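The next block holds one structure in the form of structure tokens; read it before the comments.
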Amino acid sequence: KYRKWQQRVRVQTSYERNVIQAMNELSRISSQLGIPKACVDEAMGVYEQVLTKGLVRGRSVEAIVAACLHMACRKIGMPRSLDEISQYTRASRKEVARCFRLIARELGVRLPLSDPKLYVPRIVEQLKLSGEILKEALNILEQAKKRGLTAGKDPAGLAAAAVYIASLLRGEVRTQKEVAMAAQVTEVTVRNRYKELARELNIKIPIK
Amino acid sequence: MPNPTYRIENIVATVNLGVDLDLDKLAERLPAAEYNPEQFPGLILRLQRPKISALIFRTGKMVCTGAKSENELKRAVKELVRLLNEHGADVPITPEIQVQNIVASGNLHAEVDIEKSALMLENSMYEPEQFPGLIYRMDDPKVVLLIFSSGKIVCTGAKKEMQVKDAVFKIHDVLKDIGALYEEVSKEEEEF
DNA sequence: GCTTTAAAAAGTAACGT
DNA sequence: ACGTTACTTTCGAAAGC
């Protein structure tokens, strides 16, 4: 009788223990990144699908959880880059990216295309810039997309460049370094994107 | 509208020499050889002309990489056999060569709307945060194509040159059909 | 799964000057 | 702000861990 109970517990825990471990890991990363509960729930839903389909076998729970979180944030429309998420896991960015692609392929998940506009609000907030800057940056990105200047480029880099240009136009100047840090890209990327956008969209930058 | 073009950049092939080899002896006699069995079980040998690298294994099997044509590959294998036989091995002069993978670069001579392509093509993946190209897995021929907005492409996974040609022309047609190809405006205007 | 080899595409990154 | 080098992605085989 006791043995049967023990077996049942063990069977339940094999799945539940995994889920609990994933849940702990997920809430830890999420609280550190300030990710909303709706997104955490979404990530947990994806994780359970992945676990059910046996895709966790041979892989670290951490890397899978990180990939699920990235995916959930994308679904919800609040993207967190792989670099950001990787910073709070033991799994490398490369491994998280690999898991992300595996899950996307195996579960046939079609995510909305990565949109640079979604990275703008956080950059604007972090730099304590105004809503005017936000609008202007989104405007620049809209034009850039119409002109086909965004294909193949890192969305975070494009968003950073748009915010930088907007800050110059509105006189709430932030340095390339500050914008780069807020967007988690290098100054070089901000500079390259900013130069290209300003040139191709004929944006005249006021000389300070 | 110009036809797509392509160029073979790398051929990977396996060669079965049919005899076991003493890699330690070979490594000693061949100054150019690299052999760290702790790190990798194969002996690495680089040829200058044609510029090809070979991974040579204890079992007499070999992997050749870097050839840009089947001719180059055959020349390299002859040279490798000659080198091995000059340094203590005893391998037949006509080993079997099997091409395992062909990598080619190409040009569709048209700009590609890769976002539209990503939405329309089922077996595709476009993650600009991870890589600037669209990754497309074609079923027939079974190859993988990396497609860039510039119209430049990479084709890998083919075992025959004909598969590369077919894949490049096919992807051109597919992209054209979904309306993802655009004339290169600047070039057209310069002509007239 | 990892190790090693070669090659292209375009973007990003990390060095040094 | 340059330039150079190096890393991301795709593919396949080999033998061994």
Side-chain angles (χ1 to χ4, degrees), chain A residues 57-60 63 81-83 92-95 97-98 101-102 150-158 160 176 180 184-193 195-196, chain B residues 6-17 21 23 34-47 50-68 72-73 76 97-108 112 114 124-138 142-159 163-164 167:
Chain A
R57 286 175 195 169
R59 266 165 254 273
S60 78
S81 72
L82 288 174
D83 290 288
S92 65
R93 193 211 115 113
K94 194 171 176 172
E95 178 61 16
R98 189 177 297 137
R101 290 192 296 268
L102 176 93
T150 60
K153 273 93 171 188
D154 180 0
L158 286 165
Q176 291 179 3
Q184 298 279 277
V185 295
T186 63
E187 290 172 75
V188 180
T189 297
V190 175
R191 193 179 305 130
N192 289 341
R193 292 302 126 243
K195 283 187 172 177
E196 186 181 44
Chain B
Y6 67 91
R7 186 198 338 184
I8 292 175
E9 302 284 358
N10 184 25
I11 298 176
V12 178
T14 49
V15 179
N16 194 346
L17 299 172
L21 299 168
L23 297 186
E34 273 176 55
Y35 183 46
N36 299 25
E38 266 32 343
Q39 192 180 54
F40 189 71
L43 180 150
I44 304 164
L45 198 52
R46 289 168 223 270
L47 293 186
K51 194 180 166 231
I52 272 153
S53 292
L55 306 177
I56 303 166
F57 299 89
R58 174 188 54 78
T59 55
K61 290 187 177 176
M62 192 162 77
V63 175
C64 288
T65 60
K68 294 209 181 294
E72 237 182 54
L73 177 62
I97 304 173
Q98 275 190 304
V99 173
Q100 302 288 355
N101 184 26
I102 297 175
V103 181
S105 60
N107 194 342
L108 300 176
V112 182
I114 47 178
S124 72
M125 168 109 66
Y126 171 53
E127 290 293 327
E129 190 185 325
Q130 297 177 42
F131 189 71
L134 169 78
I135 301 162
Y136 178 65
R137 289 161 206 281
M138 188 176 275
K142 194 180 175 301
V143 298
V144 174
L145 293 151
L146 307 181
I147 304 160
F148 301 87
S149 61
S150 62
K152 300 282 186 68
I153 60 175
V154 170
C155 175
T156 185
K159 282 188 156 59
Q163 295 175 324
V164 174

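Model, not experiment: these values are computed from the prediction.
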Rounded to the Å, how far apart are B:Gln100 CD and C:dT5 P?
19 Å
Return the 5'-most residue of the pair A:Arg191, A:Arg93 with respect to DNA chain D, ranking by each residue's nearest nucleotide.
A:Arg191
Please confirm whether the shortest side-chain N or O distance from B:Thr59 to OP1 or OP2 of D:dA15 is below 4.0 Å.
yes
Separation between the C1' atoms of C:dG11 and D:dT10, rounded to whole Å
16 Å
Remember a base hit wins even if backbone is also touched, and classify B:Leu146 as base, sugar-phosphate or nothing at under 4.0 Å, heavy atoms.
base
Measure CG/B:Leu21 against C1'/D:dA15 and give the value in whole Å, please.
13 Å
Take atom P in C:dT4 and the same atom in D:dA6, then report the distance between them in whole Å.
15 Å
Selection from C:dT4, D:dC11, C:dA6 that lies nearest to any side-chain heavy atom of B:Leu55
C:dT4
Mind calculating the distance between CD (B:Glu9) and P (D:dT9) to the nearest angstrom?
20 Å
Tell me which nucleotide among C:dA9, C:dA8, D:dG12 gets nearest to the side chain of B:Val103.
C:dA8
Separation of D:dA15 atom C1' from B:Leu43 atom CG, nearest Å, is 13 Å
Closest to the 5' end of DNA chain C, once A:Glu95 and B:Gly106 are matched to their nearest nucleotides, is A:Glu95
Hunt down the Watson-Crick or G-U wobble partner of D:dA15, both distances under 3.5 Å, from any strand shown, or write none.
C:dT3
Within the distance-only criterion (no hydrogens, no angle test), does the side chain of B:Asn10 pair as donor or acceptor with the backbone N or O of B:Val103 below 3.5 angstrom?
no
Assigned partner base of C:dG11, Watson-Crick or wobble definition, under 3.5 Å
D:dC7
Minimum-distance nucleotide to B:Val63 side chain [options: D:dA13, C:dT4, D:dC2]
D:dA13
Are any side-chain N or O atoms of A:Asp154 and backbone N or O atoms of B:Glu129, one a donor and one an acceptor, separated by less than 3.5 Å?
no
Phosphate OP1/OP2 of C:dA9 contacted by B:Arg7 side-chain N/O (<4.0 Å)
no
Atom CD of B:Gln98 and atom C1' of D:dG12 are separated, to the nearest Å, by 12 Å
Contacts of B:Phe57 and A:Arg101 projected onto DNA chain D by closest heavy atom; the upstream (5') one is A:Arg101
Identify which nucleotide among D:dC11, D:dT8, D:dA14 has an atom closest to any side-chain atom of B:Arg137, counting heavy atoms from C-beta outward.
D:dC11
NZ/NE/NH1/NH2 to OD/OE distance under 4.0 Å, A:Arg101 and B:Glu127:
no
Let me know the distance between CD of B:Gln39 and C1' of C:dT4, rounded to the nearest Å.
8 Å
Compare side-chain N and O positions of B:Lys159 against OP1 and OP2 of D:dA13 and report whether any pair is under 4.0 Å apart.
no
Taking only N and O in the side chain of B:Arg58, is any of them less than 4.0 Å away from OP1 or OP2 of D:dA14?
no
Looking at every non-hydrogen atom in both residues, tell me the closest pair between B:Leu73 and B:Ala13 and how far apart they are.
CD2-CB, 3.7 Å
Taking all heavy atoms of B:Val164 and all of B:Ala158, pick out the closest pair and write down the distance.
CG2-CB, 3.6 Å
Quick note, B:Val12 side chain, CB onward, closest among C:dA8, C:dA6, D:dT10 is C:dA6
So, A:Glu95 and A:Arg59, do they make that salt bridge, N to O below 4.0 Å?
no
Contact pattern, 5' to 3', of nucleotides 10-17 of chain C - B, S or - by protein heavy atom under 4.0 Å
BSSSS---
Say we look at C:dT12 and D:dT9: how far apart would their C1' atoms be, to the nearest angstrom?
13 Å
B:Arg46 side chain N/O closer than 4.0 Å to the phosphate oxygens (OP1, OP2) of C:dT5?
yes
Partners meeting ring-ring contact (aromatic ring centres under 6.0 Å, His included) with B:Phe148 (sequence neighbours left out)
B:Phe131
Starting from P on D:dC11, measure out to CE on B:Met125 and report it in whole angstrom.
10 Å
Atom NZ of B:Lys142 and atom P of D:dT10: how far apart are they, to the nearest Å?
13 Å
With a non-hydrogen cut-off below 4.0 angstrom, is A:Arg98 in contact with a base, only sugar-phosphate, or nothing?
sugar-phosphate
Is the side chain of B:Lys68 donor-acceptor paired with the backbone N or O of B:Glu9 at a distance under 3.5 Å, no angle test?
yes
Candidates B:Ile44, B:Val15, B:Ile56, B:Thr14 - the one meeting side chain to side chain contact (heavy atoms under 4.5 Å, CB included) with B:Val63:
B:Thr14
